[in-house]
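The structure under discussion appears below in the form of C-alpha cells.
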2 protein chains.
Amino acid sequence: MNNNNIFIEKLRSAGLRPTKQRIKICKVLFDRKKTFHFTINYLKTLLQKKTDQKISQATVYNTINALTKKGHLKEISINCEKNYFDTNISSHHHFFNESTQELIDIDDSDIGKINIKKPLTGKKIKSIEILVKVANSN
Amino acid sequence: MNNNNIFIEKLRSAGLRPTKQRIKICKVLFDRKKTFHFTINYLKTLLQKKTDQKISQATVYNTINALTKKGHLKEISINCEKNYFDTNISSHHHFFNESTQELIDIDDSDIGKINIKKPLTGKKIKSIEILVKVANSN
DNA sequence: ACTCTAATTTAGAATCATTATAAATTAATA
DNA sequence: TATTAATTTATAATGATTCTAAATTAGAGT
C-alpha cells in the first residue's frame, strides 16, 4: 500500500519539494492512527530503524523545522529538558507525566473556558497553552 | 544599607552555605521591588556590571539550579528559545510578548478556575501552567 | 584564634542539541 | 535531455549547560 501521494501533497501544499528523504520522514510522522509526540532524537532513531538509506541529521532538522513553520507540526517544550513535537496541530493542551516523561494530549474541549480577567491592552492573543504536570500518585 | 542577613538566611534555609558569590547573586535576584524574570545570560551580564570580582559561570549555574531546586526560583520555558527564571514562585501564569520577547506575570487570581474535565486516573496533578502568547496588535 | 575537612569556586574541557557551510546531488521545469 | 534552483550531506561551528579536578574557603571543633 502507498500513502506516498498523500505525503507528497502535504509537502507540496507546504511549498516543500517531495524528496525521498522528506517522504520517509512524513511516513514516520503521519502514517499512524494516533497522534505522535516525539523528540528529534527519538525521530532520528526511528528513521534509522525504518529506513534503508540513512537521512542526515541536518535534513531531519530542516524538514521538521519547515513542517513546524508551515503548521503541520506543533512544538511543545517542558522546561527545556526535552523539546517535543506533536503531530496533533489542533488547539489543544497537554498532560506531562513527570514519572514517565510522557506527553499526553488534552483536547481543547476537555478543558473548560479559560477566563483571562485582565488581558494586556494593545496586544492580540496568539495562543493559550496549558501544561498540566502530573506524577504517579503512590 | 545591608540586606545581606536576609539573603544569608534565605541561603541557609535552603541548605546552601552563604558564600560571598551566592550572596551577590541573591542581591541581584531578590533585592528589588518587582519580581524579576531573567535568563542565565542576562544574569551573568548583570553580575559582571554590579560586581567587582567576577563570578564564574559554573557558580552562576550551580547557584541558580540549587535555588530553583529548593523552590526559591521558578523555571519557565518558552519553546526552548530561551529559558527564563522567575523570582515570583507563587502559583501564577505568564503572558509572553512575542514582539518583545518579554515575559509578564499573570496572577493566579487573574485567571478563572481551570476546569479539567477528564483528569488522568491514578495521577496526581503537580502543577497547572498557562502560557498566553501575545503580540502587538497592529 | 588555629586547624581541619568538606563544601565551594574556578578555569577550562566536555557534552549535547542545534545551526551554518559549502560541495555534491537531485527535482522539476523548459 | 539540459538547466538551474532546491535539497542533501558530511563536517564544522555555535551556544548553552554540565563535568572535572585543582585551588580556595566556610564553619565546626579544638
Side-chain angles (χ1 to χ4, degrees), chain A residues 4-5 7-28 37-48 51-70 72-73 75-85 101, chain B residues 4-5 7-28 37-48 51-70 72-73 75-85 101:
Chain A
N4 284 11
N5 293 331
F7 304 139
I8 290 174
E9 271 324 294
K10 191 168 204 123
L11 288 165
R12 275 210 211 294
S13 78
L16 297 175
R17 282 194 181 172
T19 64
K20 65 179 186 309
Q21 291 87 340
R22 285 176 177 162
I23 291 168
K24 276 175 188 165
I25 291 171
C26 279
K27 203 173 286 185
V28 171
H37 300 109
F38 61 96
T39 60
I40 296 279
N41 233 353
Y42 180 54
L43 177 61
K44 284 196 291 181
T45 312
L46 274 190
L47 283 166
Q48 216 151 26
T51 304
D52 31 341
Q53 190 214 335
K54 94 171 270 231
I55 299 178
S56 77
Q57 79 167 357
T59 298
V60 177
Y61 273 101
N62 289 342
T63 304
I64 295 306
N65 287 345
L67 287 171
T68 304
K69 195 168 174 187
K70 299 294 178 177
H72 288 298
L73 291 172
E75 203 172 358
I76 301 157
S77 58
I78 313 295
N79 272 348
C80 277
E81 294 145 5
K82 288 182 181 167
N83 206 5
Y84 289 81
F85 294 84
Q101 298 277 301
Chain B
N4 283 10
N5 293 331
F7 304 139
I8 290 174
E9 271 323 295
K10 194 169 201 118
L11 289 166
R12 274 207 210 292
S13 79
L16 297 174
R17 280 193 182 172
T19 63
K20 64 180 186 308
Q21 290 88 340
R22 286 176 177 161
I23 291 169
K24 276 175 187 164
I25 291 171
C26 279
K27 204 173 285 185
V28 172
H37 299 110
F38 61 97
T39 60
I40 296 280
N41 233 353
Y42 180 54
L43 177 61
K44 282 196 292 181
T45 312
L46 275 191
L47 282 166
Q48 216 151 28
T51 304
D52 31 341
Q53 190 215 336
K54 94 172 270 232
I55 299 177
S56 78
Q57 77 167 358
T59 299
V60 176
Y61 273 102
N62 289 342
T63 305
I64 295 306
N65 287 345
L67 287 171
T68 304
K69 195 168 175 189
K70 300 292 178 178
H72 289 299
L73 292 171
E75 204 172 358
I76 301 157
S77 58
I78 313 296
N79 272 350
C80 277
E81 294 145 5
K82 288 183 180 166
N83 205 5
Y84 289 82
F85 293 85
Q101 300 277 302

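The sequence lines fix the lettering, A, B, ..., with proteins before strands; numbering per chain opens at 1.
Between the OH atom of A/Tyr84 and the C1' atom of C/dT18 there is a distance of 18 Å, rounded to whole Å. Rounded to a whole Å, the CG atom of A/Leu16 is 15 Å from the P atom of C/dA27. Atoms CZ (B/Phe38) and C1' (D/dA16) sit 15 Å apart, rounded to a whole Å. Rounding to whole angstrom units, CD of residue A/Gln48 and C1' of D/dT9 are separated by 15 Å. To the nearest angstrom, P of C/dT18 lies 9 Å from CD of A/Gln57. Rounded to whole Å, the distance from CD1 on B/Ile64 to P on D/dA16 is 16 Å. As rounded to whole Å, 9 Å separates atom C1' of C/dT25 from atom NZ of A/Lys20. The CZ-C1' distance, from A/Arg22 to D/dT9, rounds to 13 Å in whole Å.
Checking C/dA11, C/dT8, C/dT18 against the side-chain heavy atoms of B/Lys54 singles out C/dA11 as nearest. Of all nucleotides listed (D/dT9, D/dG27, C/dT19), D/dT9 comes nearest to the side chain of A/Ile55. Taking every side-chain heavy atom of B/Ala58 into account, C/dG12 is the closest of D/dT7, C/dG12, C/dT8. Residue B/Asn41 has its side chain nearest to D/dA16 when only C/dA11, C/dT18, D/dA16 are considered. When the nucleotides C/dT10, D/dT9, D/dT8 are ranked by their closest atom to the side chain of A/Gln53, D/dT9 comes out on top.
For A/Thr59 and D/dT9, the shortest distance from a side-chain N or O to OP1 or OP2 is below 4.0 Å. The side chain of B/Asn65 contributes no N or O atom lying less than 4.0 Å from OP1 or OP2 of D/dT17. OP1 or OP2 of D/dT18 has not a single side-chain nitrogen or oxygen of B/Asn62 nearer than 4.0 Å. Within the structure, every side-chain polar atom (N or O) of B/Arg17 is placed at least 4.0 Å from both OP1 and OP2 of D/dG27. Residue A/Tyr61 places at least one side-chain N or O closer than 4.0 Å to OP1 or OP2 of C/dT18. In this model, the phosphate group of C/dT25 is not approached by any side-chain N or O of A/Gln21 to a distance below 4.0 Å at OP1 or OP2.
For the side chain to side chain contact (heavy atoms under 4.5 Å, CB included) with B/Ile55, the qualifying choice from B/Lys44, B/Arg22, B/Lys20, B/Gln21 is B/Gln21, the only one to do so.
Of all heavy-atom pairs between B/Leu11 and B/Pro18, the closest is CD1-CA, 3.8 Å. In plain terms, the two heavy atoms of B/Lys70 and B/Ala14 that are nearest each other are CE-O, 3.0 Å. Closest heavy-atom contact between A/Phe7 and A/Lys27: CE1-CA, 3.7 Å. B/Val60 approaches B/Ile25 most closely through the heavy-atom pair CA-CD1, 4.2 Å. A/Tyr84 and A/Gln101 make their closest contact through OH-O, 2.8 Å (heavy atoms, listed as atom of the first residue, atom of the second, distance).
The residue B/Thr19 sits close only to the backbone: its heavy atoms come under 4.0 Å of sugar-phosphate atoms, none of a base. Residue-level contact check: B/Lys44 touches neither bases nor backbone, having no heavy atom under 4.0 Å from any strand.
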